[in-house]
Peer 1: 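Let me begin by handing over the structure; questions about it come next.
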Amino acid sequence: MTEMVKNNKISLRQLMVLFLMATISPAMRLIPTFGSQMGKQALWIGIIVAVLGFVALLFILQSLFKKHSGLNLSDLCFAILGRPLGSLLVALYWIWITLLLGLYLRYAVERLNVTILPTAAPEFLMGTILLLCFLNARRGIASFARLGEFLFHIVLAAFLLVSILALFNVKLTNLLPIRNHLLPAMGSSYVALGIWGYLLFLFFFADQVKDTDRIRQLGSRTAMMLGIAGVLIALVTVGALGYALTGKIAEPFYVVVKNISILEPLERMETLVLCMWLVTDFIIISLFTYITSSITKSLFSLTEKKAFVSPVILMTFSLSTLIAKNLFELEQFSEKIALPVNIILCFIIPIVMLVIGKLRRVI
C-alpha cells in the first residue's frame with residue numbers, strides 16, 4: 001500500500017524504490033557485458049562481493065546523516081568542508097550527474113533505434129523523452145515517488161518472470177569451473193558498485209525525505225534485492241551464452257530473453273524486457289533531472305527548484321548529442337570513464353568526507 005506523503009516529503013522506502021528502479025536498466029546492460037570480461041564464469045560471485053560494498057555505503061550514509069536528518073548532501077558538504085570547498089565539490093557532482101543524464105538519454109534513444117523504432121530520428125526521440133521527464137519533474141518528488149511505487153511492482157514481476165524462464169536455457173558448463181576465477185570475479189564487483197553507488201546521488205534531495213535515520217535498516221533490504229537481481233542477471237547471461245560471448249554483446253540479457261522458447265505464447269518475452277527498459281530509462285532520466293535541479297537550488301541558496309528543470313532539460317539534450325557518436329563510443333565511455341568516476345564520487349569521496357567530519361566533530 002502506497003505511503004501517504006506529508007508536507008511534500010517522501011519516505012525513505014519510496015526513495016529506495018526509486019533507486020531500485022533507476023538501477024535496473026544500467027545493471028542489465030553493463031553488469032553482463034563488462035563484468036563477464038573480468039569475472040568470467042564466476043561473475044555472480046562478484047555480485048555478492050558488490051553487495052558487501054553497497055552495505056558499507058549504507059553505513060557511511062547512516063553516519064553522515066545521523067545528526068543531520070533534515071539536511072541534504074549539498075548541505076553536508078558545506079558543513080564538513082566549508083562553503084568555498086564544499087561548493088566546489090557539489091559543483092563537481094552537478095557536472096558529473098548532468099553528464100550521466102545525457103549518457104542515459106542517449107542510451108535510451110539508441111536502444112529504441114535498434115529495437116522497435118529503427119527509422120525514427122534520434123533528435124525526435126530525445127525531445128519526446130525529455131518532454132515526458134520535464135512534465136514529470138515539474139510535478140514534484142512526491143508525485144514521482146508514487147508513480148515509481150506503482151511501476152515498481154509491475155517491473156519487478158516482469159523481471160522475475162523473464163529471469164526464471166531464462167534459467168531454463170542456462171548450461172552448467174558455462175558456469176563451471178569457478179576456482180581459477182575467484183579473484184578476478186571479486187574485481188568485477190566494481191561494475192555493479194559503479195551502478196549501485198547512485199544511491200548517494202539521491203541524498204542530494206534528502207531534505208525531502210523522511211526517516212533518514214533508518215538508512216541501514218531499509219537499505220539492507222535494498223541490498224538483498226540488488227544482490228538477487230544481480231545474481232540472476234549474471235546467471236542467465238553467462239550461463240546461457242558463455243562469458244566470452246556475453247562480453248562481446250551490447251545487450252546480452254535481451255538476447256537471452258529473446259531466445260526463450262518454452263511455450264508458444266511465451267516466445268515473444270523480449271517485449272517485456274523492452275517495456276522494462278522504457279519504464280526504467282524514464283525513471284532514471286527523470287530522477288537525475290530532479291537531482292541536478294536540487295543541487296542547483298542548494299548551490300545558489302534558492303527556495304524553488306522547478307525553475308531550473310527547463311535549463312537542465314535543454315542542457316541534457318545538447319550533451320546527449322555530443323557525448324558520443326554511436327553505441328560503441330557510449331559503451332567505451334561507460335567502461336573507461338563512467339564506472340571508475342562513479343566509484344570515486346560515490347564511495348571514496350564519502351569516506352573522505354566522513355573522516356574529515358569526524359575530525360572536525362561535525363559528524
Side-chain angles (χ1 to χ4, degrees), residues 22-38 91-134 190-192 194-195 197-198 201 237 241 244-255 258 270 273-274 276-289 291-292 310-346:
T23 59
I24 291 174
S25 180
M28 287 193 296
R29 179 175 54 247
L30 302 181
I31 289 178
T33 301
F34 301 142
S36 62
Q37 296 173 14
M38 183 178 295
L92 176 63
Y93 276 106
W94 183 91
I95 292 171
W96 182 245
I97 296 172
T98 305
L99 282 173
L100 290 178
L101 187 52
L103 175 71
Y104 284 116
L105 175 62
R106 188 61 182 276
Y107 263 127
V109 170
E110 289 289 338
R111 182 177 284 155
L112 289 172
N113 277 147
V114 170
T115 53
I116 57 177
L117 297 172
T119 60
E123 293 78 11
F124 171 77
L125 295 176
M126 290 178 195
T128 302
I129 294 172
L130 287 176
L131 176 61
L132 293 174
C133 294
F134 169 78
Y190 90 96
V191 180
I195 300 168
Y198 290 160
F201 297 159
T237 51
L241 302 174
L245 183 58
T246 300
K248 296 177 182 178
I249 301 176
E251 300 286 359
F253 190 84
Y254 176 76
V255 172
K258 196 173 183 179
E270 68 269 19
V273 178
L274 291 175
M276 281 194 294
W277 281 342
L278 289 173
V279 170
T280 54
D281 282 339
F282 167 74
I283 291 293
I284 193 171
I285 293 170
S286 297
L287 189 58
F288 278 21
T289 300
I291 293 170
T292 52
S310 298
V312 168
I313 291 292
L314 293 174
M315 187 176 302
T316 302
F317 183 87
S318 301
L319 279 174
S320 63
T321 59
L322 299 174
I323 199 168
K325 296 179 180 178
N326 49 49
L327 183 59
F328 174 77
E329 291 188 2
L330 284 174
E331 292 176 343
Q332 289 297 301
F333 181 86
S334 296
E335 181 182 14
K336 308 297 183 184
I337 300 176
L339 289 175
V341 173
N342 285 343
I343 295 295
I344 295 172
L345 292 180
C346 298

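Because only heavy atoms are used, hydrogens play no part in the values below, and waters and symmetry mates are left out as well, while side chains stay in.
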Peer 1: First locate atom CZ of F328, then atom CZ of F333, and finally report the distance between them rounded to the nearest 0.5 Å.
Peer 2: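 It is 14.5 Å, given to the nearest 0.5 Å.
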
Peer 1: Testing W96, W94, Y93 one by one against T292 for a side-chain contact (heavy atoms from CB on, under 4.5 Å), which residue passes?
Peer 2: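 Result for side-chain contact (heavy atoms from CB on, under 4.5 Å) with T292: W94.
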
Peer 1: Has T33 got a side-chain atom pairing as donor or acceptor with L30's backbone, closer than 3.5 angstrom?
Peer 2: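 Pair absent, no side-chain N/O of T33 close to backbone of L30.
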
Peer 1: Locate the shortest heavy-atom distance separating G247 from Q37; write the atom from each residue and the value.
Peer 2: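 Closest approach of G247 to Q37, heavy atoms only: O-NE2, 3.2 Å.
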
Peer 1: Roughly how far, to the nearest 0.5 Å, is the CD atom of E251 from the CD atom of E110?
Peer 2: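 Rounded to the nearest 0.5 Å, the CD-CD separation comes out at 10.5 Å.
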
Peer 1: Considering the options L314, V312, T289, I313, which one meets the side-chain contact (heavy atoms from CB on, under 4.5 Å) requirement together with L130?
Peer 2: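 Per the side-chain contact (heavy atoms from CB on, under 4.5 Å) rule, the option paired with L130 is I313, out of L314, V312, T289, I313.
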
Peer 1: How long is the straight-line distance from CG of D281 back to CD1 of I129, given to the nearest 0.5 Å?
Peer 2: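 So the CD1 of I129 and the CG of D281 are separated by 7.0 Å.
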
Peer 1: Check whether any side-chain heavy atom of Y198 lies under 4.5 Å from a side-chain heavy atom of N342, and answer yes or no.
Peer 2: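 Side chain of Y198 against side chain of N342, heavy atoms only: contact under 4.5 Å found.
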
Peer 1: Would a distance-only check, ignoring hydrogens and angles, find a side-chain to backbone donor-acceptor pair under 3.5 Å from N113 to A120?
Peer 2: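 Yes, because the side chain of N113 sits within donor-acceptor range (under 3.5 Å) of the backbone of A120.
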
Peer 1: How many angstroms lie between atom CE of M126 and atom OG of S318, to the nearest 0.5 angstrom?
Peer 2: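 The distance works out to 10.0 Å.
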
Peer 1: Within 45 degrees of the axis of the six-membered ring of Y107 and under 6.0 Å from its centre: does R29 put its NZ or CZ there?
Peer 2: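 Satisfied, under 6.0 Å and within 45°.
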
Peer 1: Indicate yes or no: at least one non-hydrogen side-chain atom of M28 is less than 4.5 angstrom from one of Y254.
Peer 2: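 M28 vs Y254: side chains apart.
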
Peer 1: Hey, does L112 have a side-chain heavy atom less than 4.5 Å from the side chain of I116?
Peer 2: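 Yes, their side chains come closer than 4.5 Å.
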
Peer 1: Can a donor-acceptor pair be found, under 3.5 Å and without considering hydrogens, that links the side chain of R106 to the backbone of I323?
Peer 2: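 Pair absent, no side-chain N/O of R106 close to backbone of I323.
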
Peer 1: With distance as the sole test, does E329 use its side chain to make a donor-acceptor pair with the main-chain N or O of K325 at under 3.5 Å?
Peer 2: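 Yes; judged by distance alone, with no hydrogens or angles, the pair exists.
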
Peer 1: Search all heavy atoms of A250 against all heavy atoms of L327 and return the closest pair with its distance.
Peer 2: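 Closest heavy-atom pair between A250 and L327: CB-CD2, 4.0 Å.
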
Peer 1: So, taking the atom named OG1 in T280 and the one named CD1 in I284, what distance separates them when rounded to the nearest 0.5 Å?
Peer 2: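 T280 atom OG1 to I284 atom CD1 measures 8.0 Å (nearest 0.5 Å).
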
Peer 1: According to the salt bridge (Lys or Arg N to Asp or Glu O under 4.0 Å) rule, which pairs have a member within residues 116-132, sequence neighbours left out?
Peer 2: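 Salt bridge (Lys or Arg N to Asp or Glu O under 4.0 Å) check on residues 116-132 returns no pairs.
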
